[in-house]
Amino acid sequence: MRFWNLEDYLNFGEDPIKDIDFENKIQEYNKYFSNKIKNKLPDKFLKEYYLYHGFHDWKLLSIKIDYFNGNNQLSASFFNDFKNIKKTIVYHSIKTFKSNFGSEHFEYIENNDFGIDEFDIIDNNCFSHEVYFPSGASYIVHFSSIDII
């Protein structure tokens with residue numbers, strides 16, 4: 001991630017000075033997102049992303065990669081257990097996907113919560129989306145377009 005790292009996220013609340021720095025990085029990212037990313041993402045996706053506060057604390061249900069008709073896509077499904085809503089983020093034309101879900105991720109249900117994320121621009125035709133979870137697990141995907149269902 002460009003604006004923060006996993007250690008900052010996992011240690012939030014431990015050191016007031018570092019927490020202020022982390023909050024400042026979040027504000028920098030929000031400005032970057034508003035100025036550079038927001039206009040390049042579909043309105044339907046943005047509407048739901050904002051409505052559901054970036055899916056913060058939603059439970060990860062699944063990650064699935066499909067290949068068909070020369071196109072590949074990754075679907076990440078999340079569930080809001082308070083509102084009983086399921087949403088799936090669909091990334092199209094995947095260039096890269098990396099994850100690090102170790103066994104400790106599955107030991108405690110709250111480890112599965114969508115923690116913090118960051119969108120970035122790779123080039124004119126490619127974006128990245130990186131997501132951190134409380135277990136220390138993460139995924140990053142480089143993609144050309146994005147939908148939500």
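Remember, it's a predicted structure, so these values are computed and weren't measured experimentally.
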[atom2] on [Y] to [atom1] on [X], rounded to 0.5 Å:
X: Arg2; Y: Ser128; atom1: CZ; atom2: OG; result: 8.5 Å
X: Phe79; Y: Phe55; atom1: CZ; atom2: CZ; result: 13.5 Å
X: Glu7; Y: Phe22; atom1: CD; atom2: CZ; result: 11.5 Å
X: His129; Y: Leu74; atom1: NE2; atom2: CG; result: 11.5 Å
X: Ile37; Y: Ile121; atom1: CD1; atom2: CD1; result: 4.0 Å

Residue from Phe78, Phe119, Trp58 passing ring-ring contact (aromatic ring centres under 6.0 Å, His included) with Tyr49: Phe119
Test your reading of the model: is there a side-chain donor-acceptor pair from [X] to the backbone of [Y], 3.5 Å cut-off?
X: Asn72; Y: Ile94; answer: yes
X: Ser99; Y: Phe101; answer: no
X: Asp19; Y: Gly13; answer: yes
X: Asn80; Y: Phe82; answer: yes

Flag if over 12 foreign heavy atoms under 6.0 Å of OH, Tyr50: yes
Ring centre gap for Phe127 and Tyr91 strictly below 6.0 Å: no
Aromatic contact, Phe33 with Phe3 (centres under 6.0 Å): no
Could you see if [X] belongs to whatever hydrophobic cluster contains [Y]? Use Ile, Leu, Val, Met, Phe, Trp, Tyr and a side-chain cutoff under 4.5 Å.
X: Ile20; Y: Ile116; answer: no
X: Val90; Y: Leu46; answer: no
X: Val131; Y: Leu51; answer: yes
X: Tyr29; Y: Ile122; answer: no

Only distances under 3.5 Å count here; give the side-chain donor-acceptor pairs of residues 140-149 to other protein atoms, sequence neighbours excluded, each with its distance to 0.1 Å.
| residue | atom | partner | partner atom | Å |
| --- | --- | --- | --- | --- |
| Ser144 | OG | Asn125 | O | 3.1 |
| Asp147 | OD2 | His92 | NE2 | 2.6 |

Working for side chain to side chain contact (heavy atoms under 4.5 Å, CB included), residues Ile63 and Phe97: CA-CA 11 Å; Ile63 295 177; Phe97 173 69; 3.9 Å; yes
Pairing residues for Tyr52 by the side-chain hydrogen bond (donor to acceptor under 3.5 Å, both in side chains) criterion, not counting sequence neighbours: none
side-chain hydrogen bond (donor to acceptor under 3.5 Å, both in side chains) against Ser93, all qualifying residues, sequence neighbours excluded: Asn71
Salt bridge (charged side-chain N to carboxylate O under 4.0 Å, His left out) against Asp15, all qualifying residues, sequence neighbours excluded: none
Pairs meeting criterion side-chain hydrogen bond (donor to acceptor under 3.5 Å, both in side chains) with involvement of residues 34-45, two or more places apart: none
All pairs passing salt bridge (Lys or Arg N to Asp or Glu O under 4.0 Å) where residues 20-34 contributes a residue, at least two apart: Asp8-Lys25, Asp21-Lys25
Minimum side-chain heavy-atom gap Glu130-Asp117 below 4.5 Å: no
Contact summary for His56 and Gly115, nearest pair of heavy atoms: ND1-O, 2.6 Å
Which atom of Tyr139 lies closest to which atom of Ala76, heavy atoms considered: OH-CB, 3.7 Å
